[in-house]
Amino acid sequence: MRYSGFRVIKEALTGHKGWKPVWREPEPKPHYDVIIIGGGGHGLATAHYLSKVYGLRNVAVVEKGWIGGGNVGRNTTIVRSNYLLDGNEPFYEFSLKLWERLEQDVNYNAMMSQRGIINLYHTDGQRDAYIRRGNAMILNGADAELLDADQVRAEHPYLNFDDARFPIKGGLVQRRAGTARHDAVAWGYARSADLHGVDIIQNCEVTGLRIENGTCLGVETSRGFIGASKVGCAVAGNSGRVMGMAGMRLPIESHVLQAFVSEGLKPVLPSVITFGAGHFYVSQSDKGGLVFGGDIDGYNTYAQRGNLPVVEDVCEGGMALMPMIGRARLLRMWGGVMDMSMDGSPIIDRTPVQGLYFNGGWCYGGFKATPASGYCFAHLLAKDEPHPVATAYRLDRFRTGRMIDEKGAGNQPNLH
Amino acid sequence: MTQANRLTGGQIDRDTTLNFRFDGRSYTAHPGDTLASALLANNVRLIGRSFKYHRPRGLLTAGSEEPNGMVELRSGAHKEPNTRATTIEMFDGLIANSQNRWPSLRFDAMAVNDMFSNFLSAGFYYKTFMWPAAFWEKLYEPIIRRAAGLGSLSMQPDPDEYDKGFRHCDLLIIGTGPAGLMAALTAGRAGADVILADEDFMLGGRLNSETFSVGDHSATDWAAQAVAELSAMPNVRLMPRTTVIGAFDHGIYGAVERTGDHLPSLPAGKPRQILWRIYSQKALLCAGATERPIAFENNDRPGIMTASALRTYANRFAVTAAPRVAIFTNNDDGHRTAADLHAKGVKIAAVVDVREDAPLSYDYEVLKGAQVLNTKGRLGLSFVEIALPDGSTRMLDCGALGVSGGWNPNVHLTCHQRGQPVWNEALASFVPGENLPVGMTVAGAANGVMSTHGALRSGAQAAATALNLTTLPDLPETEDSPIAQEPFWYVQGCKRAWVDQQNDVTVKDVKLSYQEGFRSVEHLKRYTTLGMATDQGKTSNITGLAIMAEVAGKSIPETGTTIFRPPYTPVPIGAFAGRMIGKEFHLTRLTPSHHWAKERGAVFVEAGNWLRAQWFPQTGETQWRESVDREVRQTRASVGVCDCTTLGKIDVQGTDAADFLNRVYANGFAKLAVGKTRYGLMLREDGMVMDDGTAARLAEDHFVVTTTTANAVSVYRYMEFVRQCLFPDLDVQLISTTDGWAQYAVAGPNSRKLLQKIVDPEFDISNEAFPFMACGKITVCGGLRARLFRISFSGELAFEIAVPARYGDALMRRLMAEGEEFDVTPYGTEALSVMRIEKGHPVGNELNGTTTALNLGMGKMVSKNKDSIGSVLSEREALTAPDILKLVGLKPITPEDKVTAGGHLMNVEGPIDAAHDQGYVTSVAYSPSLNSNIGLGLLKRGDERLGEKMRLVSPLTDLTIEVEIVSAHFVDPEGERLRA
Amino acid sequence: MHDLVATTALGGSEPRVDTVGSVTCAEVPGVALASVAARRGKETQAQKPLAKLIGAPAPEVQRFTGDQVIAFWSGPDQWMIEAPFDSHADLADQVKAIFGDTASVTEQTDAWARFDLQGDRINAVLELLCQLDLRRFEPGYAARSSIHHIGCFALCRGTDHVSLYGPRSSAGSLHHAIITAMRSAH
Amino acid sequence: MIINHPLLGPRDASEFTYLGDASLIDRPDGMAENAADAFYNYAYLRDNPAGEHQELWYHEAGDRSWLVITRNTLTHEISKVELARDVARARGRSK
């Protein structure tokens, strides 16, 4: 069924009787060409591109709970490609281009809104680093603009310019960045993959990987064994647990990132804003809520919740940056479990086990990567070679010293 | 205005009259009122508009669970959007306005949405607005955004202050209804350290809304007596107006006390609210229960509210929502409301009870086995249409309808650590599950114990269990009626029957969600937005879940559970931020000569939390560059003084101190002589440079280590890690002395002469006695103990001198006075930076966490003969490949060309793109010594490319120039000056 | 005798005193400090000179002992010695002479700013500043924690008298935090 | 969170700084034959367990002790807190 304004009107006039389930509820087949573990954004995007672009139809996504319940269902919805390093920027720019045509691609309105992002800077050193980054973006074909303090004030007059501990000196802007309706991204990919024949199997937990003679033959699940020629793991947050079933230790720790939303408010913020002198970034959703976040709690955890010190730290940052939000109320807080990698960058690669492929280590940047991650993982699964924009995301890069460390924080995941 | 709907009795102070305004009209109220009760007293039912369809809305409840009755409170910068009228304590002069309407509350243009509601069904926006692609941002989204949202921000900084505080207790009791009060009495009398918190300004919870007696007293009086007894106990702290908002790990609870919201204005220095972090050994949740509505057609009109809310308004606030009231119920509690209202003289149109065996009344009509089919009234309820068991219908004329669908225990805080409530068939509601936050127990209605006596009993027992008490206090006699709740969620056949009133989610939407495959509870919530409004679904989640279960043909527990996240009720962001905002966002660190520098007119710059003098403008200097160039020239020509107090200083002592430093530094320290200083390079274990600085050996077993300003804390932490975790038996002791010493760099050819004027004569600081890299303890100015280091960052003959911080100001003034004959200049961080770039010293821009010693031209410093931190991993193949980046100097071919830090380096020929990137510029300066802009950069194979011409491009700042690659040591490469 | 004039941590020539209601906050510059850390293997030995120095047994964890010269526990086998500045301007040297090679001694006099809070409502002020359990504040208690993200020692000298030691460079921020809390709690 | 410091008793976790897995105590010998391999494992690979996790915390705003804390990463329950120095010695580290 194709979605359109016409269809909405037609259904409205006929009592909405024609709407069909957005995805089937199939029983698992005994064997698939490809099984993707994880019905989050990345797993569903992988299924969409595998089936639509690479033509593989005998594909299943197995999800232990409900689809879209991973970090795609609990993030701050920001989409951008403002990266510095060669290993990252082409990938994220590829992703942003996929975002720009996502809705037409999947025939689902994910409300991709190119409202722009501004990263504020407060010191000369930060400015220099942003100039280097902005140049890297432009040299990679992305867009970037540098604003001085007056230009920032013209666009964001409500920021704290007059009573700031760390005065705003300017900002790096990417106009094509923005936000998207996170749940809809998962649903749109799921719907499209389903239409292309992919089996989306919910409430099916992977309990083991069947590996014989160094080759992965399929997955053991709560609904029995399902065979597969190739198994791709896309369970960021839980990568350690699933890959542990294959006996692998990863350069990854699991951490919680909290996110927050305020009560609905009439429009106040025109774009995504990140504070350069504290842990705070914010945008406003179409419903009017201020969606914001900050730093990870900082300790290893698989619990989808955090603690007060980070809540306070984030709100301190928010109030320091935009003191007008003091009387807006924080409505809800939640936590998502992140794969924090050893250099802050992801991994999309084969593993030492034949037929087992890994996608993870997204830190807290996974949402914006969803389309490219799916595309590149699909490419890897279909062709057994990395997509040209994802060649740096190797599992062995820490052994060889080819880290992709945007922050320069080194091998301590909670600093990335 | 008279208060037309005011009844007799109630917990209000009729002797005092308060004035308030709503939507510009003046009304009166009394202390003890909420804005909600005061509006009802003045016969105002219409208060707001719903989120999506802009339907007229009034009050649904009398408490913090309110989804509808939201206003913008106060005015100007104090405006507070989305404030629930039910929780606003009345004060004189209160101003409130309705929100989410235009142009007025009664005539809202956006109400047109309601007419097109069929097109705006759940999730309609996911299926359209996709063509053409660019129209989303330009057309559709702006319209949606303007229509959405609720209240509006003032756009001005919040003028109020917020505090944070910390309290510890044996037992935290949350809620002061019968369970909470009885628990507090039990624990308090036993001497336990108790905190008793309640969101209401009046303690007593539901007891203040009821007419039955407790012991020999009315419920209200009993509560007041209990509160009085507790107030007199030194071991019990009562916290009214305090909402416990979240249960965090290990018995920590967040609580927001509204210390000033009930005041017309705040006294100076007083906070509006305090965010308390309560550390509890045990916690007892006595949060009561919330009455749930029943869904029926047009059940959202102003005047339709929960029956218990009608009862609260009547009994506690002496207000009726209308002179004529009907009740729709599926349980006995609805009849209690009817009886109480009747007793207060309110006309009961009828009690509509879905049960065939409903109890009858002598005082008013009870319609057994009847249901509400529909309602009428554009801006407020006027008629209710009833379906009678015989199939006939009847219209009831009434201005208010109280709806009772049973009670849901307030399990919210039990879910905050992702515990799941469990379904209780007898109560037809969710009760707390097994996996509660550690240390928490639940009593009273929150635990499904619905009678008053049961609540008293369970509160006492829970407190006794938590504190290991063996005896329970005597409990007063009171109401102990059994509770039986037969589920009745919605009237069959209804469509536009609201489940989530604020977000406009109807029964029809829930069914459509199922039809489209959004069947898990989480999908239901996300697809329809059920429970995502500001009330977090307190009155709607379970009903929505129940309807989904019915459609799916499953039981409720099979369908799922619903859990709640913190905060319990929305909290101002300002309260979470507290005092650490504005200029106090981070602490400010000042050096001892800060005041002196300020007197000199210095311009300051943030360096981490420090404020440092950036340059010292002199009369006639209009451009910062003039001051900086002068400071550099004066220093290089004669002498300058720079405050370098901010550098980290770590005292390293012990018989193994040298051995310890030999491990944390990449270069050797074992053989450094006493009285000597050495430059040290510290690596992270991954081989990247962590920090650099110097270590001065003051004695065989005593070093003073300096770190960069930025890394002082992390280096100290890391050294403690190495000491305690890696080499626990080394005899080495560490302590930071950063703040203890004021330290000044005295640099320039005349620096020795200047210092000789203040260093006491018994100390010889001539080149022979005190050569380059010497260090020692000295005295100055007639006996003040000081430390002197002959080290140089500027490349000149230079010293660093340190004195106890309290004398820093005086020493700086003395240096300036004594230096007058040498034309001494103070210099700031800019001149410091210029001089270090001229000398090619790497700092933060180069030590960016991705550079190795090899990158920085210091590869040889990494000793291969010892096992120091980071040495092994610095050898990895990609870090030692031939084409890695190397630190170089850059000079524009045209000296006036500005060099841009962050610019990228490209070959002179060939394309300009990422694939041909050769490196980047890390630091730039104008060098007054060379009369040229210069820069440092990291360039592929840079050390082999000296003399090569390259393009420096910065498309971001629209710059392309040609530069020559040169040695990073622009000035005095042989280092003759610093050894002079 | 040298001729340099000292400034207080807040940058004044005289110590700052503020009173709000019944609580007084006073800057106390007349104090000398030295840290003592026992050498590896000499942890027990070091207690003897310590006892001699303060005329009392070495303090237990989170306690201070002594009278004119006191020692407070600052870490495992580490103590801070506090003495009147006028008689102990060179405290570290004096202490080192007593400890010999049993401990490392470091001058800390000017590394810290001391503020004394006095009055019968100091707990109402302290609970807005510091997350330590005030029920443990009895005379002789000494603990380090953070106040507005500033690492501080708190010494309870009496039920209505607490000394707060914060890093000297942050004295202004710490003082501001204390004064706003005093106004708020008043 | 509350960390029950072995010397000081219960303290708010906000006084502490987190480092990571307590295996960071087990630094390999940099002069050994297999040092490159051993350091890669040491510095980069983690067990990352869902359950009990031994980890290093530093009492930055307190007594500056490094602690080894045994904490469940699913529930955050802390079952043991030790001075890291004692743990390091017990694991054979010395000078």
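Every chain is numbered from 1, with letters handed out A, B, ... down the list of sequences.
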(message) Can you confirm whether more than 12 heavy atoms, excluding those of C:His2, are under 6.0 Å from its NE2 atom?
(response) yes

(message) Can you tell me which of C:Ser74, C:Pro76, C:Gly151, C:Ser145 forms the most heavy-atom pairs within a distance under 4.5 Å of chain D?
(response) C:Ser145

(request) Please name all residues satisfying ring pair (Phe, Tyr, Trp, His ring centres under 6.0 Å) with C:His175, sequence neighbours left out, ordered by chain then number. (result) C:Phe115

(message) Is C:Leu132 in contact with chain D via its backbone, its side chain, both, or neither, using a 4.5 Å heavy-atom distance?
(response) side chain

(message) Return the NE2 to CD distance between C:His149 and D:Glu60, rounded to the nearest 0.5 Å.
(response) 12.5 Å

(message) Just to be sure I understand the criterion: a residue of residues 1-30 of chain D counts if one of its heavy atoms is under 4.5 Å from a heavy atom of chain C. Which ones qualify?
(response) D:Leu7, D:Leu8, D:Pro10, D:Arg11, D:Asp12, D:Ser14, D:Glu15

